[in-house]
Number of protein chains: 2
Amino acid sequence: MEQTKITINDVAKAAGVSKGTVDRVLHDRGEVSRKSREKVLRVIEELGYKPNVYASILASQKKHTIVCVIPEYSPGDFWSLTAKGIDESRETAFRYGITVNMVTYDQYDAESFRNACSEVLESNPSGVIIAPMFRMDTLKFVKELSAKNIPYIYIDSKLEDEDYFAYFGMPMYQSGYLCADILTGGRDVRKVYIVRIERDKMGYSDPTVARRTGFLDYMMNHYPDTETVNVFINPKDPKDVAAKLDEAFAEPCDGLRYIVMFNSRIHLVVDYLRNRDIGGCRVVGFDVLEKNVAALRSGHVQALIAQHSDRQAASAVTAMVDRLVLGSPVVRKDNYTQMDILNCYNCDYYM
Amino acid sequence: MEQTKITINDVAKAAGVSKGTVDRVLHDRGEVSRKSREKVLRVIEELGYKPNVYASILASQKKHTIVCVIPEYSPGDFWSLTAKGIDESRETAFRYGITVNMVTYDQYDAESFRNACSEVLESNPSGVIIAPMFRMDTLKFVKELSAKNIPYIYIDSKLEDEDYFAYFGMPMYQSGYLCADILTGGRDVRKVYIVRIERDKMGYSDPTVARRTGFLDYMMNHYPDTETVNVFINPKDPKDVAAKLDEAFAEPCDGLRYIVMFNSRIHLVVDYLRNRDIGGCRVVGFDVLEKNVAALRSGHVQALIAQHSDRQAASAVTAMVDRLVLGSPVVRKDNYTQMDILNCYNCDYYM
DNA sequence: GTAATTTCCGTGTCCGTTCACGGAAAAATT
DNA sequence: AATTTTTCCGTGAACGGACACGGAAATTAC
C-alpha cells in the first residue's frame, strides 16, 4: 500500500493539461473535450490519484445542511436517545463544515408530521434523515425528496420504497423471536401477558408489529399450547394502566406470571407492579430507558432487549456526511444493528 | 450555537498582533511576550475561536505513525478481530495523514515481545497501542515510551501503571460474573467444568484471571455447594484435549453437564463433544470467533459472551489520531466496552 | 474571408493554517 | 554610546483543491 500523495498538479502534468481541466473532469463540470477528458481519466487511474479531502473541504466553502426528522422527545424517553446520537454526531459533521438540524413531530399526530415535512422541504437541505411513523405521509415526503434529488436515510424503521440511501435499525421480527426465547427460557409457560398501547388497536401504523409477529411465531413453534393475553393500556394514564392490569391479573396464577411489552414502555408495568407490590413475575421489555434499566437493577425486569439507538442515529449522520463530502456510495444499504440482551449483570456497562 | 467561522486572522486583528504570533501562542512554540500571549489567549476565549482542523492538516505536513503491538494471529482467531479493527481504522487515520503499523509478537514467548518492543522504540512512533500479555516486560516498555514522551493506549487488558493515555477493553471481572449467571440460569447445578489452558498453571500472566475470579465469586454467592472442576488442556494438541476431557467426564452425570471456558477457545471443547457425539451439555464461552458462532448455531454452545474487539481497536486508533491531530485530551481514560450476550437467535446480527 | 459563436482550457486567487526567515526593538555587554 | 545578543514578532510562501475569469482555438454564420 504505497501511499505517496499524488496531487491534482501531478495528474495535470502527466496528462498534459492544467489543473483546472483536471478539476473539471473530477467534478463533471463539462467544458472539457472528450479527448482530454479520457486522457485525464486514464492518468488518474494509472497514478491512483485520490483527492485530498481536507484541501477539498477547505477550498469549497459549501454550506451543507442535514435535517433529521424524528418524533418529539422528553428527557429519558426512547427518542431522546436518538436525539442524543444526533447531538453527538453534530460535532463530527461540523468538522466537515456541515450543519445538522433536527425537526420533531408529534408521533400521535399525522398532521404535525406533514407540517414538519413541508418545513424541511422549504429549508432545502442537502440530506434528510427520517424516523418514520406514518406510512403514507412518509412515502409522499420521500417522493418529493427524490424529485429534488435530496438523499434520505431511514432510521429505526424503514418503508418499502427503494430510493432510500441507507437504513439503520434493528431487525424487528428477529427481536420479537429473541424476546420470546428470553422470556420463556425453557420454562413451563402456560400464559403470557402482552401489554400493548391502545392506539395499536386503531388503524395507526404500529412500528412494533413485526416484532410481535416474531414473538408469536416463536411461541407457535415452541409453546403451541400457551395462551397469550393482550392487555391494552393508555400509556398516558397510570390509573387506566392499573385498572387494565388489575383486570388481567384478576384470576390467580400458580407459578410465574410472564409479562412482555414490545415498545420501550415496560416501565409502566413496573410502576404498577411496584405499587401493588406484586412479585413472582418474569418481565421482559425493550430499550434502555433510564427507568427500564432501573427496573433491571431492582429486579422488577429480568431482561431488556436493547439497541444502540444513539449509535444508529450517529451512524446515519456519518453516512450522510460521507455521502455529502466524499460522495462515497453506501457501504451497505440496510444496516441491521445488533440486538443486545441486558440483565442486571451487564446493564451497567451498556453505554 | 452560532457557528460563524472565526479565523486566526480575526484573532490576530482583534489582539493587535500578526497571525504568526497567534499561531505561536496556539502551539506553545514560545518566542511570545507574556503580554501579547495573554492578550491573544483572552481574545481567543472571547471570540470563541476554533482552529480549522482541515486547514491545519493541510498546512502541517507532519508524518505521524501509530504502531499497534498485538499478538500474532491467524484467520479466524481472537486477535485477527483486533487486527481487523486496526485495518479498518487505517483509512480514517490516513485521511489525517497518519500511518498505522502493526507489530506482532508470539503470545507464548516473552522474548519475542521484547524484540517487538525494541523494534517499536527504534521506529520512533508518534503513538503506540498495546495489547499486553507480559506484565513486567510491558511495564518496562511503557516506561521507556513515557520517557520519550510517546503516548500509549492499552487495549484488551491493562496494567496498573498510570501513564497510559487510554484503555479500551471489557470489564473482565464482571464478565466472569455474568458468565456464571448465564451458565447456571437458575438451574440446579451440581458441578461445573472449567476448561483451562495448561500454561495458566505456570507463572505466565493469565489475562483471564479476573474473569475467573468473577465467575467463582458468583458461584460462591449463588451456588456455594457446587463443585468446580478445573480441566487443563493443551490447546495445540487435539489428542490431549480429548484425553483430558475424557478423563474429566469419565464419571457419569445425571442431568446437564455444565462447561465453561474463559478465553476464546470454547470451540476446542465443541470439537471434542462433536467427535464423541456427547449431548446434554450446557456450554458457555467467550468471543465471537467463526467457530464459536458456528457452535452457537449448531446448538453445541448455548451462549457466548462477546465484545467488539474490532471496535475496541478502532476506537483506540481513533483516540490516538484525535490526540495526535487535534491534541485533544481523552474523553475518558478507561473505556469499558459492553458485554454482549449472544445466543442462536441474535448472533446472526452481530457484526 | 471576416465576424460571431461556441467550445475548451490555462491562470490566478482564495480557503485557514503552519512555519521558516529575517528584521526591529529591547536588553545586555563592552 | 556603540555594539552585540536576545527577545519578540511580522511576512510570505507553501499545503491541495475549487472555481471565476478571460482568452485562444475551433466552429459556425454571413
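- In the set D:dA20, D:dC9, D:dA13, the nucleotide with an atom closest to the side chain of B:Lys19 is D:dA13.
- Rounded to whole Å, atom P of C:dT6 lies 22 Å from atom CZ of A:Arg34.
- Counting any heavy atom pair closer than 4.0 Å across all strands shown, A:Val22 reaches no nucleic acid atom.
- Counting heavy atoms from C-beta on, the side chains of A:Phe141 and A:Tyr152 never come closer than 4.5 Å.
- Rounded to an integer number of Å, the gap from A:Arg29 CZ to D:dC21 P is 13 Å.
- The distance from atom CD of A:Glu31 to atom C1' of D:dC19 is 11 Å, rounded to the nearest whole Å.
- As rounded to whole Å, 12 Å separates atom P of D:dG16 from atom NZ of A:Lys13.
- With B:Glu38 as reference, B:Arg34 is the one residue of B:Lys35, B:Arg34, B:Arg42 to meet the salt bridge (charged side-chain N to carboxylate O under 4.0 Å, His left out) rule.
- Rounded to whole Å, the distance from NZ on B:Lys39 to P on D:dC9 is 12 Å.
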Practice task
Might you work through the side-chain contact (heavy atoms from CB on, under 4.5 Å) test for B:Phe113 and B:Met133, ending with a clear yes or no?
Solution key: CA-CA 9 Å; B:Phe113 178 68; B:Met133 298 287 294; over 6 Å; no
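- DNA chain D is contacted by both B:Gly16 and A:Gly20; B:Gly16 maps to the nucleotide lying nearer its 5′ end (nearest heavy atom per residue).
- Contact annotation: A:Thr21 side-chain N/O to C:dG10 OP1/OP2 distance is under 4.0 Å.
- At the heavy-atom level, B:Asn52 lies under 4.0 Å from the strands shown only through sugar-phosphate atoms.
- Along DNA chain D, the nucleotide closest to A:Leu26 and the one closest to B:Arg37 are compared, and the more 5′ of them pairs with B:Arg37.
- Side chains of B:Tyr73 and B:Met102 form a contact here, defined as non-hydrogen atoms less than 4.5 Å apart.
- When rounded to the nearest whole Å, the span between CG of B:Asn9 and P of D:dG12 equals 13 Å.
- The listed nucleotides are D:dG10, D:dG16, C:dT17; the one nearest the side chain of A:Thr7 is D:dG16.
- Proximity of A:Ser33 to the phosphate of C:dT7: no side-chain N or O atom is located under 4.0 Å from OP1 or OP2.
- Dashed line: the shortest gap from a side-chain N or O of A:His27 to OP1 or OP2 of D:dC19 is not under 4.0 Å.
- Checking D:dC15, C:dG10, D:dC8 against the side-chain heavy atoms of B:Leu58 singles out D:dC15 as nearest.
- Note: CZ (A:Arg24) to C1' (D:dA20) measures 10 Å, nearest angstrom.
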Handout entry: Stepwise side-chain contact (heavy atoms from CB on, under 4.5 Å) test for B:Asp87 and B:Arg90
Key = CA-CA 5 Å; B:Asp87 276 337; B:Arg90 194 169 264 141; 2.6 Å; yes
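- Taking side-chain N and O atoms only, A:Tyr49 has a distance below 4.0 Å to OP1 or OP2 of D:dG17.
- Separating the CG atom of A:Asp28 from the P atom of D:dA18 is a distance of 13 Å, rounded to the nearest angstrom.
- Closest to the side chain of A:Ala59, out of D:dG17, D:dG10, D:dC15, is D:dG17.
- Considering only side-chain N and O atoms, A:Ser18 lies under 4.0 angstrom from the phosphate OP1 or OP2 of C:dG10.
- Checking C:dT18, D:dC9, D:dG17 against the side-chain heavy atoms of B:Ile8 singles out C:dT18 as nearest.
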Exercise for the section: Give the intermediate values and the outcome of side-chain contact (heavy atoms from CB on, under 4.5 Å) for residues A:Val53 and B:Tyr54. Expected result: CA-CA 9 Å; A:Val53 192; B:Tyr54 301 111; over 6 Å; no
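- Checking D:dG17, C:dT17, D:dC9 against the side-chain heavy atoms of A:Pro51 singles out D:dG17 as nearest.
- In this structure, of C:dC8, C:dT11, C:dT17, it is C:dT17 that holds the atom nearest to the side chain of B:Ala55.
- OP1 or OP2 of C:dT18 lies within a sub-4.0 Å distance of a side-chain N or O belonging to B:Ser56.
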